[in-house]
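Sequence positions, counted from 1, serve as the residue numbers for this chain. Being a predicted model, the structure only gives us computed values, none of them experimental. Atoms considered below: every heavy atom in the structure, side chains included; atoms not considered: hydrogens, waters and symmetry mates.
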Amino acid sequence: MSSIPKTEQSASSQGFRKTGEQAISQTPLHPRRRSRRIMVGPVPVGGGAPISVQSMTNTVTADINATLQQIAELAAAGCDIVRVAVPSQDDADALPIIAKKSPIPVIADIHFQSKYVFQAIDAGCAAVRVNPGNIRKFDQVGPEICKAATDAGISLRIGVNAGSLDKDIYARYGGPTPEALVASALKEAHMFEDVGFHDFKISVKHHDPVTTVQTYRLLASKGDWPLHLGVTEAGPAWQGTIKSCLAFGALLAEGIGDTIRVSLSAPPVEEVKVGCKILEYLGLRQRHFDIISCPSCGRAQVDVIELAKEVTEGLKDITAPIRVAVMGCIVNGPGEAREADLGVASGNGKGQIIIKGKVVQTVPEDQIVPTLLERAKEIAAQMDAKAAVQGETLPEVGPMVVPVTGRAS
């Protein structure tokens, strides 16, 4: 196994950005499943470490500038770890520069060609995703891959997808059932463990959220590997978000899962936004800006949909944990607004601006949005100043990196 000091030394030399975000590793809903810890660069995965958010670039990796630009956008959105595809020699050749300049750890995603695995390790990638089922002659090259990863102090990810299940296992179980997916994952895990390599995490992905939950529950009961959660081929943004929230919510609420990737047919940044919010709302990541807004209904005396949209857009760059309530009538409006840091109860062509439960201002309807934005920014600045005086750092939107002093059991 790689040692923690070696990994930390490697991470430090690459200059990964640290945010100082509070390390939240325990959901209030259920104790975390005990898993062993691996490192992806400076980001710990498993062993009680905070759950990290991953995504994957959709650029051609050989286009170094485009890939680094997208990685920067992902990091700004809160991504902790990024994966890049390596289907060609040109992509493999680009890895040294990308791994060196990326602000967050880079995982090389490799299929079929084992030579790219060794190039990725030599390039300084923080980890490599390999699928033993489609690496040519894995029985021969597997031990060499494990030795190279050990020598470099990096981890690996192995994974099973319903669409690429081993043919024999598929036939034995009659399809990509939870039992079939777990059998395939165990087979791959034993390939690594049989040669003494343990620094890997496992994913067992399916497009159906119910099957996904059943599969991860079963795998979690079989060993202490850190688990990478994912609903594969989840679909367009709205559909994939629902599927991911269902599967991740169920599993994370049971303490299962150590790192997540939301898979959407959408720009990668959208995956990160959804992943971060899932963790925030489960109490597994410190909350950033949050908006409370009432649904559209016949009682509303303003266009709540447009009002909430404008406020959300205007405060999208706020990183302080401010909660803003946008309410459209007097039924629930005042009460909900009192529970927020800042709110508005709207009606009769005007809006009551409420701060910490007190009405501080009444403005015409056309001034609600600019007034809310101005007040919100003032409160956010006060939060930042208070944190600075107390010697704390409010979380930036960016990768969550926490110090590691030892390996968890």
Any side-chain donor-acceptor pair under 3.5 Å between Gln69 and Glu73?
yes
If only side-chain N and O atoms count, and only distance matters, is there a donor-acceptor pair under 3.5 Å linking Thr59 with Thr67?
yes
Check whether Thr27 reaches the backbone of Leu282 with its side chain - one donor and one acceptor, N or O, closer than 3.5 Å.
yes
Reported CE-to-OG distance for the pair Met327 and Ser293, which is rounded to 0.5 angstrom:
7.5 Å
Quick check: do Asp290 and Val324 have side-chain heavy atoms less than 4.5 Å from each other?
no
Salt bridge or not between Asp168 and Arg172? Use side-chain N to carboxylate O under 4.0 Å.
no
Side chains of Leu186 and Leu219: does their closest heavy-atom pair fall under 4.5 Å?
yes
Is the closest side-chain heavy-atom distance between Asp199 and Thr150 below 4.5 Å?
no
Taking the side chain as C-beta and beyond, is there a heavy-atom pair between Ile145 and Phe197 under 4.5 Å?
no
Please lay out, stage by stage, how Cys125 and Ile154 fare under the test side-chain contact (heavy atoms from CB on, under 4.5 Å).
CA-CA 8 Å; Cys125 290; Ile154 73 167; 5.7 Å; no
Go through it in stages, so that I can follow the logic: the residues are Leu218 and Ser221, the test is side-chain contact (heavy atoms from CB on, under 4.5 Å), and I'd like the CA-CA distance, side-chain angles, deciding distance and then a yes or no.
CA-CA 5 Å; Leu218 181 59; Ser221 71; 4.1 Å; yes
Testing the basics here: between Asp91 and Ala62, what is the closest heavy-atom pair and its distance to 0.1 Å?
OD1-N, 2.9 Å
Where do Ile158 and Ala185 come nearest, in terms of heavy atoms and distance?
CD1-O, 4.4 Å
Using a distance-only test with no angle check, is there a side-chain donor-acceptor pair under 3.5 angstrom linking Ser52 and Thr259?
yes
Output, in order, the C-alpha distance, side-chain angles, deciding distance and verdict of side chain to side chain donor-acceptor pair (under 3.5 Å) for Gln89 and Gln113.
CA-CA 10 Å; Gln89 185 61 57; Gln113 293 281 1; over 6 Å; no
Here's one to test your reading of the geometry: is the NZ or CZ of Arg36 within 45 degrees of the ring axis of Phe200 and under 6.0 Å from its centre?
yes
Set out, in order, the CA-CA distance, both residues' side-chain angles and the distance that settles side-chain contact (heavy atoms from CB on, under 4.5 Å) for Leu252 and Leu229, then state yes or no.
CA-CA 9 Å; Leu252 293 172; Leu229 300 188; 3.9 Å; yes
If you take all heavy atoms of Ala126 and Pro105, which pair is closest and at what distance?
CB-CB, 3.6 Å
Could you check if a side-chain atom of Lys205 sits within less than 4.5 angstrom of a side-chain atom of Thr212, using non-hydrogen atoms only?
no
Nearest heavy atoms of Leu264 and Ala237, plus distance in Å
CD2-O, 4.0 Å
Salt bridge Lys147-Glu144, side-chain N to carboxylate O under 4.0 Å
no
In the structure I gave you, are the side-chain heavy atoms of Glu254 and Tyr216 within less than 4.5 Å of one another anywhere?
no
Flag side-chain contact, heavy atom, 4.5 Å: Met383 against Asp341
yes
Restricting to salt bridge (Lys or Arg N to Asp or Glu O under 4.0 Å), what partner residues turn up for Arg33, sequence neighbours left out?
Asp258
Side-chain heavy-atom pair Ile98, Ile71 within 4.5 angstrom cut-off:
yes
Could you work out, with salt bridge (Lys or Arg N to Asp or Glu O under 4.0 Å) as the rule, every residue matching Glu280, not counting sequence neighbours?
Lys277
Smallest heavy-atom separation, Leu165 atom then Gly175 atom, equals CD2-O, 4.0 Å
Between Phe118 and Val141, the two heavy atoms sitting closest are CZ-O, 4.4 Å
When you look at CG of Leu29, are more than 12 heavy atoms from neighbouring residues, nucleotides or ligands closer to it than 6.0 Å?
yes
Establish, from distance only, whether the side-chain atoms of Arg32 and Ser25 form a donor-acceptor pair under 3.5 Å.
no
SB check Asp80 Arg285 (cutoff 4.0 Å)
yes
Test side-chain contact (heavy atoms from CB on, under 4.5 Å) on Leu279 and Ile260 and set out the steps.
CA-CA 9 Å; Leu279 296 182; Ile260 65 173; 4.0 Å; yes
